[in-house]
Q: 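Before we start, here is the structure in question, set down as structure tokens.
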Amino acid sequence: MALDNEAAKAEIIKFCEEKSKSKSKFYFNDFTKLFPDEKARAVKKLLTELVQEEKMVFWSSGSTTMYGLAGAGKQAASEGEA
Amino acid sequence: MAFISSGYNPAKPMEGRISDIGPRHFGEYLPPVIKDNFGKWKYHEIIESGILMHVAESGAKTYTVRAGTARLMSVTHIREICDIADKYCGGYVRFTTRNNLEFQVETEEMAKELKTYLNDQKFPGGAHKYPVGGTGAGVTNIVHTQGWVHCHTPATDASGTVKSTMDVVFDDFQSMKLPAPVRISMACCLNMCGAVHCSDIAILGIHRKPPILDHKYLDNLCEIPLAVAACPTGAVRPSKIELDGETYKTVAVKQERCMFCGNCYTMCPSMPLADKDGDGIAIMVGGKISNRLTKPAFSKVVVPFIPNEPPRWPTMTKVIKKILDTYSADANKYERLGDWAARIGWERFFEKCELPFSEHLIDDFRDPAYYTWRQTTQFKW
Amino acid sequence: MAKHKTPMLDQLESGPWPSFVSDIKQEADSRAKNEKGLDYQIPVDCPDDLLGVLEMSYEDGETHWKHGGIVGVFGYGGGVIGRYCDQPEKFPGVAHFHTVRVAQPNGKWYNSQLLRSLCDIWELRGSGLTNMHGATGDIVFLGTTTPQLEEIFWELTHDLDIDLGGSGSNLRTPATCLGQSRCEYACYDTQELCYNLTQEYQDELHRPAFPYKFKFKFDGCPNGCVAAIARSDLSFIGTWKDEIKIDQEAVAAYVGGEIAPNAGAHADRDWGAFDIQKEVVDLCPSKCISYDGKLTIDNKECVRCMHCINTMPQALRVGDERGCTILCGAKAPILDGPQMGSLLVPFMEVNKDDDYQEIKDLIENIWDWWMEEGKNRERIGETMKRLGMSALIDAAGVPVDARQVQEPRHNPYIFWKAEDVKGGWDRDINEFRTRHQR
């Protein structure tokens with residue numbers, strides 16, 4: 001199945017928004033689960049596009065990196081430099 | 001201060017952006033003799049402590065002068081290294097995996113002259129800037145982590161414990177009198193950024209108190225699911241608490257399950273675990289990486305806890321020195337510290353190093369523990 | 001005049017070993033004087049404040065750093081570690097003090113021009129303090145503010161042609177020994193393979209898609225100077241298949257005491273005259289060496305531990321049929337205990353002519369499996385423990401080999417599959433009952 005890029009990206013954003021009450025940061029494989037038929041590399045390309053479009057951002061603990069919606073999340077705000 | 005732009009336009013981050021270019025190719029930085037004889041080296045010899053000679057098939061020779069550094073170094077210090085490289089080595093210099101410097105020169109005379117020069121350079125407080133050594137059967141520089149200088153989960157300082165240790169074993173850095181090389185490593189918490197788990201002697205910072213919970217702020221500062229997921233032993237769960245008549249969303253920690261790793265604090269600043277009395281140092285010994293003679297081996301915990309004693313950690317350095325000296329006097333030529341301990345038996349190791357054996361040193365963590373217990377009637381009195 | 005009193009740290013200025021305290025003070029002085037008239041882009045006195053906050057930790061025995069979620073520059077998921085001081089009023093110069101990881105040249109060879117250029121960027125836009133190098137191998141710039149991150153990245157990429165290193169759930173900056181550049185033991189060009197794979201996998205290095213961190217390390221021989229077998233998820237360790245080359249005249253010179261054994265590594269202590277029987281023949285782990293005035297090695301029985309070669313480097317040399325052994329899954333103890341790399345491929349050619357295709361195919365097979373099967377925050381060594389070595393061997397597409405184990409399994413609980421067994425698992429109970437009563 002060829003992935004409809006824009007529809008798939010909208011699905012990613014929707015997924016993050018729906019979960020936003022409990023969490024704002026997601027592991028990469030949270031997104032691969034959304035597209036069980038796709039190769040991980042295809043999903044990664046979508047996420048990279050979303051980052052470049054400034055809709056999503058990376059968050060890192062130093063050892064682990066996660067994805068989140070731009071501007072969302074508690075730590076970003078609390079440090080005073082989102 | 002006026003902001004100086006590099007040319008980057010924050011309104012259009014992708015404009016003119018260069019990314020994914022990796023490091024520069026190493027070939028640009030090889031001294032001529034290295035480039036000319038790349039892949040054609042025949043043998044090497046350690047002329048004296050800190051000076052190596054490599055001979056190529058072509059007959060070409062290069063001399064390497066090796067010197068220690070503190071790893072944490074300023075641009076002022078690096079520029080001084082550049083001056084030395086320019087003066088003696090055509091501008092080339094190399095760093096080793098274990099934080100030493102290596103200068104290539106053309107002749108043995110130049111190497112000895114440079115060694116004298118490097119050994120003469122001192123900081124105003126008297127410490128060497130570039131002590132020459134770290135070769136052969138001696139102690140080389142310590143690989144280590146950040147500690148209190150710049151890390152959020154350390155149980156001790158790295159630079160201070162390293163400086164204190166290297167001061168005590170300095171003679172063995174500048175000479176080659178030991179039975180085999182001794183590799184000392186330092187990591188400031190059990191996450192071990194500086195993987196010390198295969199070192200002859202490892203200095204390891206450890207915490208011994210579970211995190212404190214800042215209940216009133218926790219839900220504001222942290223995402224509770226992340227703090228829960230961060231715990232490797234599943235000791236953290238979501239919870240609620242009543243404080244001063246108000247209900248707060250927070251977490252609860254099953255304290256007896258805590259392994260004191262600090263991963264929860266990384267995800268959630270409302271769960272600090274640093275504590276003056278709780279934190280300190282464990283000493284591990286007998287690991288190695290090389291496949292020479294025996295297989296690579298893990299380090300074993302031989303001292304479960306030593307309190308932090310800044311600025312010079314005297315109890316810790318005394319233990320390290322005692323282990324090193326006992327090994328040096330007792331081991332066979334070529335025998336690494338762990339191989340010596342295995343040959344004489346660990347019960348004998350504790351006796352000779354005058355270290356107490358306690359229940360903390362018997363492994364009780366999951367499957368690998370069984371393989372460390374004794375399943376034989378062979379032992380020594 | 002120092003900004004903060006640091007009586008405890010001052011005690012680390014004496015003693016022979018290089019003093020990081022003296023060096024930080026030196027940088028504090030240099031910035032205060034500012035002889036070049038720089039318009040420092042972060043607080044001038046940050047080295048003073050770093051000493052101040054460190055002194056505070058020496059007094060109270062606790063760290064004063066917090067972690068921050070900043071990962072750095074636009075579009076990258078790693079390369080910068082956010083750091084904040086928890087005493088920003090007392091030490092405003094280090095209130096925001098992030099680490100930048102910069103890709104080092106493989107083998108850590110430099111010229112002074114490159115080092116000076118790096119210093120110029122970091123003096124203006126950061127603290128002027130570094131680690132040369134971090135534990136994984138990167139150049140580490142220690143302490144800058146958020147607005148400077150993009151500026152530093154721009155200057156590194158545009159002016160110096162250098163990228164950031166890795167952090168987080170990415171491929172980490174690969175590291176190598178100095179290899180063939182100055183070592184006669186190197187069985188393949190570790191630096192070139194390291195460089196090639198680093199460039200090939202830039203996307204994996206900068207944009208996270210793995211369950212956790214993943215490290216490559218490249219050792220030219222079994223001596224293991226970059227600790228690949230202990231510290232990398234995938235270790236490439238040089239080896240050879242054919243015979244150790246012997247120069248009998250040089251052997252005689254070692255025996256006769258004309259050449260110091262072990263390349264002179266034991267020179268400062270009197271260990272007595274070199275005894276080839278005791279120091280080489282008897283120590284050989286597979287007992288494949290003999291000496292009767294002439295050195296003989298039964299190469300078929302050799303396990304390539306390097307001892308005889310290390311001991312007599314002028315007489316013995318590694319063979320000519322060279323390649324690498326690949327091991328998978330090393331890691332530090334968190335969580336289930338430390339792991340060494342487990343042997344996956346006993347021998348693989350390191351072939352630059354086809355751009356290392358065989359190695360890349362192997363890597364990608366392994367990654368596909370781990371990305372599919374690995375749990376969040378699970379190193380591949382842990383995935384291997386959970387699912388078994390056989391699962392990895394199968395996913396990697398490499399042949400099963402007795403060399404992959406130390407010894408065979410201790411239990412007979414083999415998970416046979418239907419296709420392993422004649423007739424499969426579908427059986428007819430009625431047919432069974434023709435032979436057996438109920």
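Here is how names work: the chains are called A, B, and so on, in the same order as the sequence lines, proteins then strands, and each is numbered from 1.
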Q: What I want to find out is whether E102(B) reaches R182(C) closely enough, with some N-O distance under 4.0 Å, to be called a salt bridge.
A: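 Salt bridge between E102(B) and R182(C), a charged N being under 4.0 Å from a carboxylate O: yes.
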Q: Please classify the contact of D189(C) with chain B as side chain, backbone, both or neither, using a heavy-atom distance under 4.5 Å.
A: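 The answer is the side chain of D189(C).
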Q: Tell me, for H266(C) versus chain B, whether the close heavy atoms (under 4.5 Å) come from the side chain, the backbone, both or neither.
A: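 For H266(C), the contact with chain B is made by backbone and side chain together.
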Q: Please determine if R71(B) and D23(C) form a salt bridge, counting it only when a charged side-chain N lies under 4.0 Å from a carboxylate O.
A: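 D23(C) and R71(B): not salt-bridged.
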Q: Of all the heavy-atom pairs spanning I289(B) and I229(C), show the shortest one and how long it is.
A: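 Between these two residues, the closest heavy atoms are O-CG2, 3.7 Å.
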Q: Given that the side chain runs from C-beta out, which part of F170(B) has a heavy atom under 4.5 Å from chain C: side chain, backbone, both or neither?
A: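 For F170(B), the contact with chain C is made by the side chain alone.
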Q: For F153(C), is it the side chain, the backbone, both, or neither that has a heavy atom closer than 4.5 Å to a heavy atom of chain B?
A: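 Just its side chain gets close to chain B.
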Q: Under 4.0 Å between a Lys/Arg side-chain N and an Asp/Glu carboxylate O for R17(B) and E150(C)?
A: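 Yes, R17(B) and E150(C) are salt-bridged.
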Q: Salt bridge check, E13(C) against K163(B): does any charged N sit closer than 4.0 Å to a carboxylate O?
A: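 Not counted as a salt bridge, because no side-chain N and carboxylate O are separated by less than 4.0 Å.
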Q: Given that the side chain runs from C-beta out, which part of D20(B) has a heavy atom under 4.5 Å from chain C: side chain, backbone, both or neither?
A: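 Both parts, heavy atoms under 4.5 Å.
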Q: Applying side-chain contact (heavy atoms from CB on, under 4.5 Å), run through E28(B) and Q113(C) and close with a yes or a no.
A: CA-CA 11 Å; E28(B) 297 178 60; Q113(C) 191 197 349; over 6 Å; no
Q: Between atom NE2 of H158(C) and atom CD1 of I18(B), what is the distance when rounded to the nearest 0.5 Å?
A: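 So the NE2 of H158(C) and the CD1 of I18(B) are separated by 3.5 Å.
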Q: Would you mind checking which part of T311(C) comes under 4.5 Å of any heavy atom in chain B, side chain (CB onward), backbone (N, CA, C, O), both or neither?
A: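 Contact with chain B involves both backbone and side-chain atoms of T311(C).
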Q: For the interface with chain B, which of G134(C), A230(C), C284(C) has the highest count of heavy-atom pairs at distances below 4.5 Å?
A: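 Among G134(C), A230(C), C284(C), the one with the most close pairs to chain B is A230(C).
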Q: Atom OH in Y92(B), atom CG in L114(C): separation rounded to 0.5 Å?
A: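 Spacing of OH (Y92(B)) from CG (L114(C)) equals 11.5 Å.
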Q: Only one of H67(C), R83(C), H64(C) passes side chain to side chain donor-acceptor pair (under 3.5 Å) with H152(B); say which it is.
A: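 For H152(B), the side chain to side chain donor-acceptor pair (under 3.5 Å) test succeeds with only one of H67(C), R83(C), H64(C), which is R83(C).
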Q: Flag the pair R116(C) and D86(B) as a salt bridge only when some basic side-chain nitrogen lies within less than 4.0 angstrom of an acidic carboxylate oxygen.
A: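 A salt bridge links R116(C) with D86(B).
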Q: Side chain, backbone, both or neither: which part of L12(C) has a non-hydrogen atom closer than 4.5 Å to chain B?
A: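 For L12(C), heavy atoms of backbone and side chain both lie under 4.5 Å from chain B.
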